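Below: one structure, written as structure tokens.
So that the names make sense, note that chain A is the first sequence line, chain B the second, and so on, each numbered from 1. Remember, it's a predicted structure, so these values are computed and weren't measured experimentally.
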Amino acid sequence: MAEEARESLESARVEKLERLKGLGLDPWGSRFDNHEAIGSVRARGEGMQPEDAAGPTVRIAGRIMLRRGQGKVAFLELRDWTERIQVMVGKNQVGEQGWAITDSLDLGDLIGIDGRLGHTRTGELTVFADRITFLAKSVLPPPEKWHGLTDQEQRYRQREVDLFSNPESLQVLLGRSKVVSAFRRVMASFGFVEVETPTMQAIAGGAAAKPFITHHNALDINLFLRIAPELYLKRLLVGGMERVFEIGRVYRNEGLSPRHNPEFTMFEAYQAYGDYHAMMDLTEALVAGSIEAVGGGYQRSWCGATMDFTPPWPRKTYHELVAEHAGVDPHDAVAVANRAREAGIETAGKDPVVVLSELFEAVLEHALAGPVFVIDYPAPLCPLTKRKASNPDVAERFELYVKGVELANAYTELNDPYLQEQLFREQLAGLPPEESMAKMDEEFVRALKHAMPPAGGLGIGIDRLVMILLDRASIRDVILFPLMRPKGAQQ
RNA sequence: GCCCUCCUAGCUCAAUUGGCAGAGCAGCUGACUCUUAAUCAGCGGGUUGAAGGUUCGAGUCCUUCGGGGGGCACCA
């Protein structure tokens, strides 16, 4: 039976665990202070001559990835979250107890090593162990030592195994953290403060998406998990917090795909007395800071395509792009509708602006190489955006596209409470309510009546940015624990 | 939700037109104090995702179910 085979592998390891106990050791280890990152040890080794036999003493800790027994000496490959390094353990050097420990090691075990840094006869940088400290037993066998874990399902379901057996996965997900840190650094340098707003909301506003519903028992009310933090952040502008940002999860009850996970990380920022041009500058600074953090420069490739992130990026109007790529005058509703039908879009009963929008998405989104700021959207699509003073049919909004992926969305924020209230009530023909951003939020409108400063607002999808900067094809590769259907669940 | 596709040992993968389920790694036993995916000798490990069906015979063909990946739809 498969179960028995697995258990026999486990029991062989449990037997060694008992052997460690027999040596008077705790197989689950304890505190191990002052160990040095293996990456740092390696860096020190760079400056050493290969003939330096007895280098500095070092203390490292990590997981045993490889083992090469050689009689009364053993070579171990130890890995921590920075690097891997070879350790040589000799029976004469570590003594009877140390050798007994070495004899009980399995691939996957966690150990600490005190030793001297040097090189072997073949020139490999190696820690020559003086002492071995057992830190934790792995009673399950790790994946194959050369291929690692390749099965996608297991890599997502057992991310911890993926992380320790596939260094690339670890680097990608650490890279994600570097991007988030870079965002915080850049925002601080621009004088923004980080805030936290409700993720459970009575009205799921600020974006067009179907929400998740949850229930609060004590109040006996249904609440929505937020689809965007937007409306609360703008209320902070009213309150006088002039530069705020939030990095947090939002939840959208929609399909899964290589670009969509039901919960994802949204960055939003609001700057009093700014506008959408200020947000474009900020976007460039944030992406530049992220690129600096993950390395690799402005010329990047993603899924085989190359792109240039050297700022500033092109800024083209929505209408220009429609004329250029769809070959149709965006002001000519009949021509737009004809072109849309050519592209296979149903036009009957839809507002001309909705048809234009669907044509844009069908024809243009994937044609935009980027990075490119698409600016000045048709006003009816943007119920939260200030209209251009010179033209009320155009909203001061931009979206940032890179290789067909929408990375950022920003507005000059609408701060006229009467217009806001009116726009919340308007429902475009052909748009079901849950697909509209227009959801009446009385609290928000009331807040605007206390005067919200004219402002620029920006939203960036962190997951997608990380995907593009770290050249991952699937959003699941940049989320530590992507949503998976529970295995063996009934119905 | 629909379409395509995948699921074989702990892991990575084989298995000819339907014809005895295999290998490497990992594991176990032994040898080895400078190896590099160490090597050498030997040993164990399987309800081929699940359940049915066709057939003399199914890992392979059919049906249903479960899970994954990709696409469509929806969206960021």
Side-chain angles (χ1 to χ4, degrees), chain A residues 1-13 15-16 53 65-77 84-94 99 106-108 118-126 128 138-158 161 165-166 206-210 227-228 250-267 344 358 361 365 399-401 404-409 432 434-435 459-465 467 473-476 482 484-491:
Chain A
M1 239 179 176
E3 190 65 12
E4 283 171 2
R6 195 190 61 76
E7 278 173 11
S8 84
L9 287 172
E10 183 170 337
S11 66
R13 284 164 176 259
E15 194 184 302
K16 292 182 194 168
M65 304 308 293
L66 245 45
R67 188 177 46 157
R68 296 181 282 275
Q70 185 75 42
K72 294 182 178 59
V73 67
F75 294 90
L76 309 174
E77 295 272 355
R84 57 163 45 199
I85 197 166
Q86 175 169 271
V87 173
M88 187 170 125
V89 184
K91 185 178 185 182
N92 294 340
Q93 288 73 41
V94 297
W99 191 245
D106 282 303
L107 295 186
H119 292 85
T120 57
R121 283 177 204 163
T122 53
E124 168 111 10
L125 186 67
T126 299
F128 295 88
S138 170
V139 292
L140 291 177
E144 213 257 1
K145 67 186 182 184
W146 185 243
H147 299 93
L149 192 64
T150 64
D151 183 80
Q152 285 293 353
E153 180 174 358
Q154 293 203 59
R155 292 183 56 203
Y156 298 146
R157 286 190 193 277
Q158 300 183 58
V161 178
S165 60
N166 298 336
K210 297 182 195 80
I227 58 175
V250 298
Y251 307 85
R252 301 192 179 177
N253 205 341
E254 279 146 7
L256 288 78
S257 90
R259 315 256 190 286
H260 302 87
N261 195 66
E263 57 177 314
F264 64 101
T265 301
M266 179 76 97
F267 160 88
E358 290 183 9
E361 282 165 19
E365 275 193 2
E399 291 195 341
L400 172 65
Y401 282 93
V405 177
E406 188 199 325
L407 269 191
N409 183 19
E434 71 271 15
E435 290 173 26
I460 296 178
I462 296 285
D463 314 82
R464 289 180 170 183
L465 176 61
M467 279 173 70
S474 173
I475 197 169
R476 295 188 195 107
M484 301 288 279
R485 189 185 291 275
K487 209 156 188 183
Q490 298 299 307
Q491 292 176 343

Distance between the [atom1] atoms of [N] and [M], in whole angstroms?
| N | M | atom1 | result |
| --- | --- | --- | --- |
| rU60(B) | rU48(B) | P | 10 Å |
| rA14(B) | rG68(B) | P | 22 Å |
| rG71(B) | rU64(B) | P | 25 Å |
| rA51(B) | rU8(B) | P | 15 Å |
| rA58(B) | rG19(B) | P | 11 Å |
| rC7(B) | rA76(B) | P | 36 Å |
| rA26(B) | rC13(B) | C1' | 14 Å |
| rC25(B) | rG57(B) | C1' | 33 Å |

- [ ] Side chain of Lys210(A) only, please: which of rG10(B), rA76(B), rC74(B) is the nearest?
- [x]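 Selected nucleotide (nearest to the side chain): rC74(B).
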
- [ ] Taking only the side-chain heavy atoms of Met484(A) (C-beta and beyond), determine which of rG70(B), rG68(B), rC25(B) contains the nearest atom.
- [x]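 Closest of the options to the side chain of Met484(A): rG68(B).
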
Open item on the list: Taking 5.5 Å and 30° as the limits, would you call Phe75(A) and the base of rA38(B) a stacked pair?
Closed with: no

Open item on the list: I'd like to know if Gln86(A) reaches the base of rU35(B) with its side chain, counting only an N/O donor and acceptor under 3.5 Å.
Closed with: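 It does, because a donor-acceptor pair links the side chain of Gln86(A) to the base of rU35(B) below 3.5 Å.
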
Open item on the list: With a 3.5 Å cut-off and heavy atoms only, can you find an N or O donor on one side and an acceptor on the other between the side chain of Thr120(A) and the base of rU35(B)?
Closed with: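 Donor-acceptor pair under 3.5 Å: yes.
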
Determine: side-chain N/O of [X] to OP1/OP2 of [N], distance under 4.0 Å, yes or no.
| X | N | result |
| --- | --- | --- |
| Arg485(A) | rG67(B) | yes |
| Arg157(A) | rG68(B) | yes |
| Lys145(A) | rG24(B) | no |
| Arg476(A) | rG70(B) | yes |
| Gln154(A) | rG68(B) | no |
| Arg68(A) | rA38(B) | yes |
| Gln70(A) | rA38(B) | no |

[atom1] of [X] versus [atom2] of [N]: gap in Å, rounded?
| X | N | atom1 | atom2 | result |
| --- | --- | --- | --- | --- |
| Glu144(A) | rA9(B) | CD | P | 14 Å |
| Gln158(A) | rC11(B) | CD | C1' | 11 Å |
| Trp146(A) | rA23(B) | CH2 | C1' | 19 Å |
| Arg259(A) | rG70(B) | CZ | C1' | 11 Å |
| Asp151(A) | rG10(B) | CG | C1' | 13 Å |

Task: Validation row: Val161(A), Pro143(A) side chains within 4.5 angstrom (heavy atoms) - done: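 Of all side-chain heavy-atom pairs linking Pro143(A) with Val161(A), at least one is under 4.5 Å.
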
Open item on the list: Any heavy-atom pair between the side chains of Leu256(A) and Pro262(A) that's under 4.5 Å?
Closed with: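 They are in contact (side-chain heavy atoms under 4.5 Å apart), so the answer is yes.
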
Task: Strand RNA chain B in bracket notation, Watson-Crick/G-U under 3.5 Å with | for pairs to another chain - done: (((((((..((((.....[..)))).(((((.......))))).....(((((..]....))))))))))))....

Might you point out which heavy atoms bring [X] and [Y] nearest each other, and give the distance in Å?
| X | Y | answer |
| --- | --- | --- |
| Tyr156(A) | Arg476(A) | CZ-CB, 3.5 Å |
| Arg13(A) | Val139(A) | CD-O, 3.4 Å |
| Trp99(A) | Lys72(A) | CH2-C, 3.3 Å |
| Leu407(A) | Leu465(A) | CD2-N, 3.4 Å |

Task: side chain to side chain contact (heavy atoms under 4.5 Å, CB included), paired with Glu77(A), selected from Gln86(A), Arg67(A), Lys145(A) - done: Gln86(A)

Task: 5'-most by nearest nucleotide on RNA chain B - Gln152(A) or Arg464(A) - done: Gln152(A)

Open item on the list: By nearest heavy atom, map Leu107(A) and Thr150(A) onto RNA chain B; which one lands nearer the 5' end?
Closed with: Thr150(A)

Open item on the list: Tell me whether the count of non-hydrogen atoms from other residues, nucleotides or ligands lying under 6.0 Å of CD in Glu153(A) goes above 12.
Closed with: yes

